[in-house]
Amino acid sequence: MGDDADADVDVVEVLSDEYVRTILTQTREEPKSVDALSDACEADPSTIYRRVRQLQAVDLIEDQQQLDPGGHHYKVYSARLEEVRIRLAEDGLEVDVDRTPTESAADRFTRLYEGFK
């Protein structure tokens, strides 16, 4: 198994956590802040930050900067996971992970600029 295969196996391990599954479900349709995820998971923000780092390590979630009306900024998170397929093969499990494409820097800039209008 190569590096990609090892990374996909890591995805299966990360997905075994209930908080991780809730975070992915909550961020599937719209980006959410750690505070919102903390409420949804009924967990401390520090626990959510740890799970978000795990999800980022296997590229299942991405962050975006948001500006609030007071001029401060904070991060929100969006799920990138589309589908996980696990097959039993002769040499063990084969894991395929489909992710949504990441937002380009140009698209991110445009989105932030539109937020200022």
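The analysis underlying the following values was restricted to heavy atoms, covering all of them including side chains, and did not include hydrogens, waters or symmetry mates.
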Next on the checklist: If I compare all heavy atoms of Cys41 with all of Tyr19, which pair ends up nearest, and what's the gap?
Outcome noted: O-CE2, 3.5 Å
Item to check | Atom of Ala79, atom of Thr100 and distance for their closest heavy-atom approach | outcome: O-OG1, 4.0 Å
Checklist entry - To the nearest 0.5 Å, what is the distance between CZ (Arg51) and OG (Ser38)? => result 12.0 Å
Item to check | Pairwise side-chain contact, Arg99 with Val11, heavy-atom cut-off 4.5 Å (strictly under) | outcome: yes
Next on the checklist: Does Arg21 have more than 12 heavy atoms from other residues, nucleotides or ligands lying within 6.0 Å of its CZ?
Outcome noted: yes
Checklist entry - Does a side-chain heavy-atom distance below 4.5 Å link Leu81 with Leu15? => result yes
Next on the checklist: Please list all pairs meeting side chain to side chain donor-acceptor pair (under 3.5 Å) that have one or both residues in residues 73-82, counting only residues at least two apart or in different chains.
Outcome noted: Asp59-Arg80
Next on the checklist: Would you say that Val97 contacts Val95 through its side chain, given a criterion of any heavy-atom pair below 4.5 Å between the two side chains?
Outcome noted: yes
Next on the checklist: If you define the side chain from C-beta out and look only at heavy atoms, does anything of Ile61 sit under 4.5 Å from Thr27?
Outcome noted: yes
Checklist entry - Just wondering, do Val84 and Asp96 contact through their side chains at under 4.5 Å, heavy atoms? => result no
Checklist entry - Out of curiosity, Gln54 CD to Tyr49 OH, how far, rounded to the nearest 0.5 Å? => result 15.5 Å
Checklist entry - Is there a side-chain contact between Arg85 and Asp98, using heavy atoms and a 4.5 Å cut-off? => result yes
Checklist entry - Measuring from His72:NE2 to Gln66:CD, what's the distance to the nearest 0.5 Å? => result 15.5 Å
Checklist entry - When rounded to the nearest 0.5 angstrom, what distance separates CZ in Arg53 from CG in Leu55? => result 11.5 Å
Next on the checklist: Measuring only between side-chain heavy atoms, which start at C-beta, is Ile86 closer than 4.5 Å to Glu94?
Outcome noted: no
Item to check | Exercise: identify the closest heavy-atom pair between Pro31 and Val76 | outcome: CB-CG2, 3.5 Å
Item to check | Pairs flagged by salt bridge (charged side-chain N to carboxylate O under 4.0 Å, His left out) wherever residues 38-49 is involved - sequence neighbours left out | outcome: none
Item to check | Gap separating the OG atom of Ser33 from the CD1 atom of Ile48, nearest 0.5 angstrom | outcome: 10.5 Å
Next on the checklist: Please enumerate all residues that pass side chain to side chain donor-acceptor pair (under 3.5 Å) together with Thr47, with sequence neighbours excluded.
Outcome noted: Arg50
Next on the checklist: Counting only heavy atoms from other residues, nucleotides and ligands, does the tally under 6.0 Å from CD of Gln56 exceed 12?
Outcome noted: yes
